Amino acid sequence: YLWTVLGLKHAVDMSARCSAIGASACADEAATRAYAVSQAYGLTVEPTRFTVATEACGRAVSITYEYSVSIPLLPALSLPVDARSCIPAY
């Protein structure tokens, strides 16, 4: 669980920064989402799960992800993981 939280937080932080400085790797929303996926520390995340927007705080990237816990002989458990970052645009 903690690895997932860390990976998603890193992904939104790095992609929001990339978008805020206008890097070519994050030239548009689709490119920013693809960059976020590449920064997600080995997690398999669909690019469409990331939300990219311009807000009052700057360039924002967020994700809501369901983490599944599977323990034998117990019912499956799903935990929501939310990560968000907003960086002022330069």
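No experiment lies behind these values; they were computed from the predicted model shown.
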Between Thr48 and Arg33: side-chain donor-acceptor atoms closer than 3.5 Å: no
Nearest non-hydrogen partners of Tyr65 and Arg49, listed with the distance: CA-NH2, 3.4 Å
Between Gly7 and Tyr41, what is the shortest heavy-atom contact and its length? CA-CD1, 3.5 Å
With a 4.5 Å limit on heavy-atom distance, are the side chains of Thr51 and Val61 in contact? no
State, to 0.1 Å, how close Pro88 and Ala20 come at their nearest heavy-atom pair, and which atoms those are. O-CB, 3.5 Å
Evaluate side chain to side chain contact (heavy atoms under 4.5 Å, CB included) for Ile87 paired with Arg17, printing each intermediate quantity in order. CA-CA 6 Å; Ile87 306 291; Arg17 283 189 184 119; 3.9 Å; yes
So, does Ser19 use its side chain to make a donor-acceptor pair with the main chain of Ser15 at under 3.5 Å? no
Does one hydrophobic cluster hold both Leu2 and Leu6, with members joined at side-chain heavy-atom distances below 4.5 Å? yes
Interatomic distance, CE@Met14 vs OG1@Thr32, rounded to 0.5 Å, equals 13.0 Å
Classify the ring geometry between Tyr67 and Tyr1 as parallel (under 30°), tilted (30 to 60°) or perpendicular (over 60°). perpendicular
Out of curiosity, does Trp3 fall in the hydrophobic cluster containing Val81 (side-chain heavy atoms, cut-off under 4.5 Å, transitive links)? yes
Minimum heavy-atom distance between Ala31 and Cys26, given as atom pair plus value: CB-CA, 4.1 Å
Interatomic spacing from CG in Asp82 to OG1 in Thr64 - rounded to 0.5 Å: 4.0 Å
Check the surroundings of atom CD in Glu55: do more than 12 heavy atoms from other residues, nucleotides or ligands lie under 6.0 Å from it? yes
Okay, side chain of Lys9, backbone of Arg84: is any donor-acceptor separation there less than 3.5 Å? yes
Smallest heavy-atom separation, Arg59 atom then Val52 atom, equals NH2-CG1, 3.2 Å
Write down the atom of Leu43, the atom of Thr4, and the distance for their closest heavy-atom approach. CD1-O, 3.8 Å
Using the rule given for side chain to side chain contact (heavy atoms under 4.5 Å, CB included), can you reason through Leu8 versus Val45, listing the C-alpha separation, both sets of side-chain angles and the distance that settles it, and then say yes or no? CA-CA 9 Å; Leu8 293 176; Val45 182; 4.1 Å; yes
